[in-house]
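Being a predicted model, the structure only gives us computed values, none of them experimental. Nothing fancy with the numbering, it's 1 onward along the sequence.
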Amino acid sequence: VQLQASGGGLVQAGGSLRLSCQASGRTVSGDALAWFRQTAGDERTFVATITGNGLTIYYAESVEGRFTISRNNAKNAVYLQMNNLKPEDTAIYYCAADHHSIGWEGRRALSSSGEYDSWGQGTLVTVSS
């Protein structure tokens, strides 16, 4: 599967952005889909994940209440609505797919980058203060 992330940009603190990730090559309707982010010199960190049926969602504590992950299986896509952005949200955001997800791995597994077998190229989000 190929994942194409888009929607990044420059925004002022308190603003909003909506990231999109379009999958192609096969359906990802059964995959767990996630967003991770990475800043220079740091490891890729978990942001949010959603299971194939959309019933289970986990967020990193730092984005809980501000970010919303959603998916549209008919469009083979996943989204990340980011509100009340803060300068510390500045990062490259990556979407990822777990083709082997069974839907009830739990938070610990689904928040681990090692769980995911396909990655998009990343989209840069810059939040100015």
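Nearest heavy-atom pair across Ala91 and Gln38 is CB-O, 3.5 Å. When all heavy atoms of Gly8 and Thr123 are compared, the pair lying nearest together is N-OG1, 3.0 Å.
Residues Thr90 and Arg37 are not in side-chain contact: their nearest non-hydrogen atoms beyond the backbone lie 4.5 Å or more apart. Here the side chains of Arg26 and Asp31 are in contact, with some heavy-atom distance below 4.5 Å.
Take Ser70 and apply the side-chain contact (heavy atoms from CB on, under 4.5 Å) test, not counting sequence neighbours, and it matches Tyr79. Not a single side chain to side chain donor-acceptor pair (under 3.5 Å) links Gln2 to another residue, sequence neighbours left out. Remark: Arg71 pairs with no residue by the salt bridge (Lys or Arg N to Asp or Glu O under 4.0 Å) rule, at least two apart or across chains. Scanning for salt bridge (Lys or Arg N to Asp or Glu O under 4.0 Å) contacts around Arg107 gives an empty result, with sequence neighbours left out. Under the salt bridge (Lys or Arg N to Asp or Glu O under 4.0 Å) criterion, Arg18 pairs with no residue at all, not counting sequence neighbours. By the salt bridge (Lys or Arg N to Asp or Glu O under 4.0 Å) test, Asp98 pairs with no residue at all, sequence neighbours left out. Under the side-chain contact (heavy atoms from CB on, under 4.5 Å) criterion, Ser112 pairs with no residue, sequence neighbours left out. By the side chain to side chain donor-acceptor pair (under 3.5 Å) test, Thr45 is found to be paired with no residue, residues two or more places apart in sequence or in another chain being considered. Evaluation of the side-chain contact (heavy atoms from CB on, under 4.5 Å) rule for Gln121 yields Gln4, Ala5 as partners, not counting sequence neighbours. The side-chain contact (heavy atoms from CB on, under 4.5 Å) check on Ser6 picks up Ser20, with sequence neighbours excluded.
At distances below 3.5 Å, not a single donor-acceptor pair connects side-chain atoms of Thr56 with backbone N or O atoms of Thr51.
Grouped by direct or indirect side-chain proximity (heavy atoms under 4.5 Å, Ile/Leu/Val/Met/Phe/Trp/Tyr only), Tyr59 sits with Val1, Leu3, Val11, Leu17, Leu19, Val28, Leu33, Trp35, Val47, Ile50, Ile57, Val63, Phe67, Ile69, Val78, Leu80, Met82, Leu85, Tyr93, Val125, Val127. Hydrophobic cluster of Tyr116: the remaining members, joined at side-chain heavy-atom separations below 4.5 Å, are Phe36, Phe46, Tyr58, Ile92, Tyr94, Leu110, Trp119, Leu124, listed by chain and number.
When each of Asn72, Asn53, Asn73 is paired with Ser29, the side-chain contact (heavy atoms from CB on, under 4.5 Å) condition holds for Asn73 and for no other.
Distance check: Ser62 OG to Lys86 NZ gives 8.5 Å after rounding to the nearest 0.5 Å. Interatomic distance, Asn84 CG to Asp89 CG, rounded to the nearest 0.5 Å: 8.5 Å.
Within a 6.0 Å sphere centred on CD of Glu43, heavy atoms belonging to other residues, nucleotides or ligands number 12 at most.
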